[in-house]
Structures are given as structure tokens and as C-alpha cells.
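Working notes for the structure below.
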Amino acid sequence: MTKEDLIATLKTIVQPYIQDEDAFDKLSEDTDFINDLKINSANLVDVILDVEDEFDIRIENEDMEQMTSVKAAMDIVNEKLAAK
């Protein structure tokens with residue numbers, strides 16, 4: 001999966017939970033889920049569950065704590081997919 005495909009998939013996953021449309025429109029690797037998109041912590045858990053379902057992976061608690069940005073999410077997804 002290319003970096004662009006992964007970002008596009010993550011963008012689709014986070015869209016229902018965002019509170020800042022402008023930041024969503026400019027979503028990139030550097031986008032922070034909480035500070036930029038204004039996703040609250042409860043919804044961030046939903047994002048993580050949706051990522052698990054979409055990619056058929058399991059994200060451990062320590063990974064969940066680090067998954068606060070698009071870049072971190074990409075790193076974790078790529079790591080989990082590589083380990084499959």
C-alpha cells in the first residue's frame with residue numbers, strides 16, 4: 001500500500017469524528033488527530049477500532065497511546081501489516 005493510499009484510507013476513517021473541516025481538508029502526515037482535527041479521546045478510540053477493522057490488525061494499548069497523529073497511525077499500521 002502506498003503512502004498516499006494509506007493517508008486516503010485514514011482520512012476516510014477519521015472523517016466522521018472530526019471537528020475541524022479546514023484541518024481535515026489539509027490532512028497530511030503531520031496532522032494531529034486531537035490538536036488539529038479536534039477529535040476527542042473517546043472518538044480517538046473509535047478511530048483506532050475502525051483502523052483495526054479496516055486493516056485487519058490488532059493495535060496494542062501501548063501503540064494506541066502513541067497513535068495521536070496521521071504519521072504515528074501510518075507507522076503503526078505499516079508495522080502491523082509487515083508483521084502479518
TODO: Spell out, yes or no, whether V45 and I76 are grouped together once hydrophobic residues are joined by side-chain heavy atoms under 4.5 Å, including indirect joins.
DONE: no
Open item on the list: Would you say Y17 ends up clustered with I34 if hydrophobic residues are merged whenever their side chains have heavy atoms under 4.5 Å apart, either directly or through other cluster members?
Closed with: yes
Task: Contact check, side chains of V51 and L10, non-hydrogen atoms, under 4.5 Å - done: yes
Open item on the list: When you compare the side chain of T68 with that of D32, does any pair of heavy atoms fall below 4.5 Å?
Closed with: yes
Report the distance from atom [atom1] of [X] to atom [atom2] of [Y], rounding to the nearest 0.5 Å.
X   : Y   : atom1 : atom2 : answer
N43 : D50 : CG    : CG    : 10.0 Å
T9  : E54 : OG1   : CD    : 5.5 Å
N40 : Q19 : CG    : CD    : 7.0 Å
E21 : L37 : CD    : CG    : 10.0 Å
E79 : I57 : CD    : CD1   : 9.5 Å
F33 : I48 : CZ    : CD1   : 8.5 Å

TODO: Work out which heavy atom in S28 is nearest to a heavy atom in V70; give both atom names and the distance.
DONE: O-CB, 3.3 Å
TODO: Locate the shortest heavy-atom distance separating M67 from I59; write the atom from each residue and the value.
DONE: SD-CD1, 3.9 Å
Task: Residues which pass side chain to side chain contact (heavy atoms under 4.5 Å, CB included) with E4, listed by chain and number, not counting sequence neighbours - done: T2
Open item on the list: With a 4.0 Å cut-off on N to O distance, would you call K71 and D75 a salt bridge?
Closed with: yes
Task: F55 backbone acceptor or donor facing K80 side chain under 3.5 Å - done: no
Task: side chain to side chain contact (heavy atoms under 4.5 Å, CB included) between M74 and M1, worked out - done: CA-CA 11 Å; M74 292 171 64; M1 176 175 280; over 6 Å; no
Open item on the list: For E29 and I7: C-alpha separation, side-chain torsions, deciding distance, then whether side chain to side chain contact (heavy atoms under 4.5 Å, CB included) applies.
Closed with: CA-CA 7 Å; E29 280 185 67; I7 290 174; 3.9 Å; yes
Task: V14/L27 under side chain to side chain contact (heavy atoms under 4.5 Å, CB included): CA gap, chis, key distance, verdict - done: CA-CA 10 Å; V14 301; L27 187 135; 4.1 Å; yes
- [ ] Evaluate side chain to side chain contact (heavy atoms under 4.5 Å, CB included) for I13 paired with V47, printing each intermediate quantity in order.
- [x] CA-CA 7 Å; I13 290 170; V47 168; 4.2 Å; yes
